[in-house]
There are 2 protein chains.
Amino acid sequence: MSKTAATPVKLTHIQCGDCPIRHRAVCARCDDDELASLEETKYYRSFEAGQTIVWSGDRMDFVGSVVTGIATLTQTMEDGRRQMVGLLLPSDFVGRPGRDTAAYDVVATTDLVMCCFRKKPFEEMMVSTPHVGQRLLEMTLDELDAAREWMLLLGRKTAREKIASLIAIIARRDASLKMADSGGSVVVDLPLTREAMSEYLGLTLETVSRQISALRKDGIIVIEGKRHITIPDFERLLEEAGDDSDGGFLV
Amino acid sequence: MSKTAATPVKLTHIQCGDCPIRHRAVCARCDDDELASLEETKYYRSFEAGQTIVWSGDRMDFVGSVVTGIATLTQTMEDGRRQMVGLLLPSDFVGRPGRDTAAYDVVATTDLVMCCFRKKPFEEMMVSTPHVGQRLLEMTLDELDAAREWMLLLGRKTAREKIASLIAIIARRDASLKMADSGGSVVVDLPLTREAMSEYLGLTLETVSRQISALRKDGIIVIEGKRHITIPDFERLLEEAGDDSDGGFLV
DNA sequence: CGGTCACTTGACTTACCTCAATGTTTGTGG
DNA sequence: CCACAAACATTGAGGTAAGTCAAGTGACCG
């Protein structure tokens, strides 16, 4: 998506200095020397929309960062019930140092590019370049906070509030990437199918569909096509989400 | 509250070497030199059952580890709906380096002793003694896994499965502390009121009560008093919890 | 002995789920 | 370029798990 070309996306040779996630990813705190050593060991992998990156329980001998695209982490029960437990946007980290099998299914929901490291070298790097470990701790703490926010949503919010919250979360997250305006109306493209949303929210896809329709009828959101949403009044959406409406635009 | 007094527990002067959470807490990886420096800055605080340790949004200028007792992290919505987002047992860490207000209510559900550090010195220690940061990362990753397990529970499990899961989780966690036998029947004392359980599970307290009664009637658990539970067949409980029954006794 | 707290149980309501039909968009091959 | 299928989405009708409201029990404590 970044350089030249039609669909190709030849991301194989990005310099860390030009990387779009340079200042948010696990490498954010690295200095030039440290970057140079990352540059040597990193490699890129691409996945197509819908492709499963790893299956829960499978051996996973790499870790990495999402560079472009979106992926999900999902847990499945024996009888097939599924719950999404992570939504990975550009700069988010995949994999756990010190563990060698995946705990969740990791699925690319859009075309996806990851910047990867084999696990062993990465673990050594965590020791040798403390900035990586420090940044990873920071990111993990942020993810834990997000997970706890999500627990409130799953445990206590109504279907309508869940939908409103999801739209607000996605709007906020890609505002923080694109640094969009906060005044006036906000525009979002949902990167998820109704089914994926239902797995995120602990609902059925029918309930998701109904509640989106309801929010549309009530003028909270305006929909074009299936996935393109305009939010005329973001504060109003936040009220519907049941969140403390105070907070700044970014978390 | 801490020193002298009725129920005593005089924990004011524990040596790190004698500390019951020495090998599981944030200090687990520290060598003798590092411990010595912790010894200088640490201090103990005690709280009574029911006491709120910090309120969400309040300034929090310390971090610490639970030494004995149990605490909870809870989020509250404007209209009073509450969701527990963390259950803190001995060795668990409280507080977030690099943030100065609490994100959740922290409440002692039993009498509680914490080993504390003022935030500033602790943050400096994270830089100077890498073992602390490394261990904290490891613990945070574990907590994130636990949170994701919890998300599955909140989003997809039935009330009955939620109760069975909670009992299983508590049984496992204090088995891992006490290193109890795994053969035959397991005994647990629930450290939570029905209301606290309902906040954990995203249910009402009436539903919690009904489902506990149902599990009792079906012989999955045996109850003495209100909180003392015997589990005649742990595998059977795990089936009721909807978990893959395979796994070893500890996570 | 009265009051509070933690819990249980019952009767009724409702938000969300399930099952089913239908609509819309997109891509594919004749 | 159209026909057809496949994937995604919407909507309706009816069922059910869990919530709400309310009454009542038992233990503990001043």
Side-chain angles (χ1 to χ4, degrees), chain A residues 7 48-51 77 79-83 107 109-111 153-167 189-218 221-229 240 242, chain B residues 6 48-51 77 79-83 107 109-110 153-167 189-218 221 223-229 240 242:
Chain A
T7 353
E48 285 173 23
Q51 212 181 336
M77 292 173 67
D79 61 4
R81 280 175 282 174
R82 289 168 64 80
Q83 175 64 51
V107 180
T109 62
T110 64
D111 287 346
L153 178 150
L154 290 172
R156 292 302 182 196
K157 290 191 175 178
T158 64
R160 184 184 176 95
E161 289 169 334
K162 286 178 174 181
I163 297 289
S165 299
L166 175 60
I167 297 172
D189 279 291
L190 296 177
L192 302 172
T193 63
R194 299 290 185 266
E195 184 176 31
M197 291 186 230
S198 74
E199 288 178 4
Y200 188 124
L201 301 171
L203 297 171
T204 58
L205 73 87
E206 293 94 330
T207 298
V208 168
S209 187
R210 274 187 255 272
Q211 295 299 332
I212 289 181
S213 297
L215 288 176
R216 178 171 49 68
K217 277 175 197 136
D218 296 346
I221 58 176
V222 178
I223 306 185
E224 242 175 301
K226 306 281 177 196
R227 308 277 191 87
H228 188 81
I229 292 187
E240 293 291 345
Chain B
E48 286 174 20
Q51 213 181 336
M77 292 174 67
D79 61 4
R81 280 175 281 174
R82 290 167 64 79
Q83 175 64 50
V107 180
T109 61
T110 64
L153 177 150
L154 289 171
R156 293 302 182 195
K157 289 191 176 180
T158 64
R160 184 183 176 96
E161 289 169 334
K162 286 178 174 182
I163 297 289
S165 299
L166 175 59
I167 296 172
D189 279 290
L190 295 177
L192 301 172
T193 64
R194 299 290 186 264
E195 185 176 29
M197 291 186 231
S198 74
E199 288 178 5
Y200 187 123
L201 300 172
L203 298 171
T204 59
L205 73 87
E206 294 93 331
T207 299
V208 169
S209 187
R210 274 188 254 272
Q211 295 298 333
I212 289 180
S213 297
L215 289 175
R216 178 173 48 68
K217 277 175 197 137
D218 296 347
I221 56 176
I223 306 185
E224 241 175 304
K226 307 281 180 197
R227 308 277 192 87
H228 188 81
I229 292 187
E240 293 291 344

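In what follows, every heavy atom counts, from backbone to side chain, and hydrogens, waters and symmetry copies are set aside. Per chain, numbering begins at 1; letters A, B, ... match sequence-line order.
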* Any donor-acceptor pair under 3.5 Å joining the side chain of B/Glu206 to the base of D/dC21? -> yes

* Backbone of B/Arg81 reached by a side-chain donor or acceptor of B/Asp79 within 3.5 Å -> yes

* Side-chain donor/acceptor of A/Gln51 to backbone N/O of A/Val107, under 3.5 Å -> no

Per [X] side chain, nearest of listed nucleotides [options]:
X        : options               : value
A/Thr204 : D/dA9, C/dC17, C/dT8  : C/dC17
B/Thr193 : D/dA18, C/dC7, C/dC16 : C/dC7
A/Ser209 : D/dT10, C/dC16, C/dC7 : D/dT10
B/Arg210 : D/dG19, C/dT18, C/dC7 : D/dG19

Side-chain N or O of [X] versus OP1/OP2 of [N]: is the shortest distance under 4.0 Å?
X        : N      : answer
B/Arg194 : C/dC5  : no
B/Thr207 : D/dA17 : no
A/Arg160 : C/dA15 : no

* Hey, could you give me the OG/CD distance between A/Ser198 and A/Gln211, rounded to the nearest 0.5 Å? => 13.0 Å

* Asked: Which comes earlier along DNA chain C counting from the 5' end, the contact point of A/Lys157 or that of B/Leu205, where each point is its nearest nucleotide?
  -> B/Leu205

* Specify the separation, in whole Å, of atom CE of B/Met197 and atom P of C/dT8. => 8 Å

* Rounded to whole angstroms, how far apart are CZ on B/Arg227 and C1' on C/dC7? -> 10 Å

* Asked: What's the shortest heavy-atom distance between B/Arg194 and B/Leu205, and which atoms?
  -> O-CB, 4.1 Å

* Structure fact -> On DNA chain D, more 5' by nearest nucleotide between A/Leu192 and B/Gly202 is A/Leu192

* Structure fact -> Sorted by position of nearest nucleotide on DNA chain D, 5' first, the leading residue of A/Arg216 and B/Gln211 is A/Arg216

